[in-house]
Protein chains: 2
Amino acid sequence: MTDTYEKPDVMVDVVPLMLRGERLCTVLAMRAKEPFMGRPALLGGYVHLPEDSSLGATARRVLLEKAGIQGLYVEQLSTFSGPDRDPRGWSVSVAYFSIVPEEAIDDVLMRPDLQIVPVEEAVGLPFDHDLIISAAVARVRGKGAYSDIPARFLPAEFSLGELHRTYEAVLAERIDESAFRRKLMERDFVERIEGLTKTVEGAKRPSQVYRLRPGLSVFDRRF
Amino acid sequence: MTDTYEKPDVMVDVVPLMLRGERLCTVLAMRAKEPFMGRPALLGGYVHLPEDSSLGATARRVLLEKAGIQGLYVEQLSTFSGPDRDPRGWSVSVAYFSIVPEEAIDDVLMRPDLQIVPVEEAVGLPFDHDLIISAAVARVRGKGAYSDIPARFLPAEFSLGELHRTYEAVLAERIDESAFRRKLMERDFVERIEGLTKTVEGAKRPSQVYRLRPGLSVFDRRF
DNA sequence: TCAATAGTGTCTGTTAGACAGTATGGA
DNA sequence: TCCATACTGTCTAACAGACACTATTGA
């Protein structure tokens, strides 16, 4: 069975997401090879057998090799397939998105082969990368509304004000502050770091510092 | 790049879901070949190049070839991968679930190589099929709560009472009847077929017949 | 003291669930 | 008529959004 049919190419494409100036952005790389050499596209690569232990491992390797970043939150999105999505022939691309936290953005900025683009402006890309980016944004704005995903754009320690602004930026909509705090406190979603405060830039009064409670990844419903 | 690395096997596994006696069930097939010959497992098959036009097409072909059913609602779940999930070596399985409507159940019952099993009892299966079934149930019970997926277990025309009982069976929880009807009417989720009524078995008063409004697939939030 | 953000309390409209009630037609 | 299910109306409790209010510190 296996040997009477040719195997498709299997690759991984990663949509790195970050926040720049309250806008949700992705990272594109100039393609160094054909097809579409010289054009910006998502970070992608073939699965390496046998050393990749899973396609998630492939995604993390691609992030490290093509963008020099590691330790990111990575989540599988969906799988795209067909004879026409890649001019090289029938292919399978397993798409992932990953969250680039604030403190890792500088590493990306240093690389001349990478560009940071607001997700709304990342269109006209080769392959079916427009579609993959739409899927990533839909996931983060849909599921993100009631998960801890937006918190991953921040460093491990943050104030509730920063977290509030981050949710607003990711979802691109206003969220009532008191409802936000209420929800966050009801579910044990974040935990306060006793005795630790910091003054956010621009503010006068220092704010309590919180961190994501380890363990759970999704809490409840929408704010 | 492509030719320096071996390609993984790419297969599709399908979780057919149906309702039997108010219980959510799946369909397992006796494996006709090694590995795990003679043991029940999900319906699976390798992608056929070049005739499969996508992995979704592979899933539909597998349903037809291994269970003799077609025209079903099919949705991609997630992709599973790694060196150990299949004893034949590094493999990628793209998992789908599909909804088997009431009127197609007889076709499945006629096939001696298939068995219908409540999802809670479909455990201890080969490969990572337990995991795949869990993912399918989670998807249908999560997303299903606010989508039209449960309606696809019914024939095209149904009464609101039948639809209500179907949601309860799929989600395995009680749903308030008046809230259910209110929600359904507010969103234009179903449309009444003017002048058409039918008497559900056991009932005395005939009920209005509805159908899914063509087009939209997801409406709003939970009941 | 003023400015600026941090954080709290209260009102109100919406909505989901509970549940009682009416409607309809078969036996 | 009684019964079983179809369908509707109303009350209530929970909750999200609006928004005004207090708290805290730097300048």
Side-chain angles (χ1 to χ4, degrees), chain A residues 22 141-142 144-147 150-151 154-155 157-169 171-211 219-223, chain B residues 22 141-142 144-147 150-151 154-155 157-169 171-211 219-223:
Chain A
E22 312 275 282
R141 294 221 165 118
Y146 50 89
S147 79
L154 288 173
E157 302 187 343
F158 46 78
S159 73
L160 290 192
E162 290 170 324
L163 189 60
H164 180 220
R165 286 186 291 275
T166 300
Y167 272 80
E168 291 189 327
L171 303 182
E173 64 185 29
R174 212 208 139 246
I175 299 165
D176 179 77
E177 194 197 346
S178 103
F180 179 81
R181 284 168 182 270
R182 235 180 321 186
K183 268 290 164 83
L184 229 50
M185 296 294 92
E186 282 170 14
R187 344 277 171 193
D188 295 315
F189 178 41
V190 294
E191 61 187 7
R192 59 189 300 150
I193 305 175
E194 284 312 327
L196 186 57
T197 59
K198 70 168 177 178
T199 304
V200 177
E201 91 138 51
K204 306 289 171 98
R205 172 173 169 182
S207 43
Q208 173 63 45
V209 175
Y210 290 80
R211 68 176 150 232
F219 53 113
D220 198 42
R221 312 248 133 238
R222 140 172 297 283
F223 288 107
Chain B
E22 313 275 282
R141 294 222 165 117
Y146 51 88
S147 79
L154 288 173
E157 302 188 343
F158 46 78
S159 72
L160 290 193
E162 290 170 324
L163 190 60
H164 180 219
R165 287 187 289 273
T166 300
Y167 271 81
E168 290 190 328
L171 303 181
E173 64 185 30
R174 212 210 138 244
I175 299 166
D176 180 77
E177 193 196 346
S178 104
F180 180 80
R181 285 168 182 268
R182 232 180 324 185
K183 267 291 167 79
L184 230 50
M185 297 293 92
E186 281 169 15
R187 346 277 171 193
D188 295 316
F189 178 42
V190 295
E191 60 188 7
R192 60 189 299 150
I193 303 175
E194 284 312 328
L196 187 58
T197 61
K198 70 168 177 178
T199 304
V200 176
E201 91 137 51
K204 306 292 169 100
R205 174 174 167 181
S207 44
Q208 173 64 44
V209 176
Y210 290 79
R211 68 174 150 235
F219 54 113
D220 198 42
R221 312 246 133 239
R222 156 170 281 288
F223 288 107

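Numbered from 1 within each chain, the chains take letters A, B, ... in sequence-line order. Note that these values count all heavy atoms, side chains included, but never hydrogens, waters or copies made by symmetry.
Nucleotide D:dT5 holds its P atom 14 Å from the CZ atom of B:Arg181, rounded to whole Å. For A:Glu162 and C:dA4, the CD to P distance is 19 Å, given to the nearest whole Å. Residue B:Leu171 contributes atom CG, which lies 12 Å from atom P of C:dG17 at whole-angstrom precision. Separating the NZ atom of B:Lys183 from the P atom of C:dT15 is a distance of 8 Å, rounded to the nearest angstrom. For the pair B:Glu186 CD and C:dA16 C1', the interatomic distance rounds to 10 Å; values are reported in whole Å. Between B:His164 atom NE2 and D:dA6 atom P there is a gap of 11 Å when expressed in whole angstrom units. Atom-to-atom, CE of B:Met185 to P of C:dT15 comes out at 16 Å; the value is rounded to the nearest Å. Rounded to an integer number of Å, the gap from B:Leu163 CG to D:dA6 P is 12 Å.
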Output one letter per nucleotide in nucleotides 18-27 of chain D: B when a protein non-hydrogen atom lies under 4.0 Å from the base, S when only the sugar-phosphate is that close, - when neither is.
BB---BBBB-
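A distance of 9.0 Å separates CD of A:Glu177 from CZ of A:Arg165, quoted to the nearest 0.5 Å. For the atom pair CZ (A:Arg211) and CD (A:Glu191), the distance works out to 4.5 Å, reported to the nearest 0.5 Å. Separating the CZ atom in A:Phe180 from the CG atom in A:Leu163 is a distance of 4.0 Å, to the nearest 0.5 Å.
Listed pair B:Arg165 / D:dT5 fails the phosphate criterion, with no side-chain N or O lying under 4.0 Å from OP1 or OP2.
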Under 3.5 Å, side-chain donor or acceptor atoms of residues 195-204 of chain B against the rest of the protein: list the pairs with distances, not counting sequence neighbours.
unit_1, atom_1, unit_2, atom_2, d
B:Lys198, NZ, B:Glu162, OE1, 3.1
B:Lys198, NZ, B:Glu162, OE2, 3.2

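In this structure a side-chain-to-backbone donor-acceptor pair under 3.5 Å is present from B:Gln208 to B:Ile193. With hydrogens and angles disregarded, a donor-acceptor distance shorter than 3.5 Å links the side chain of B:His164 to the backbone of B:Ile175.
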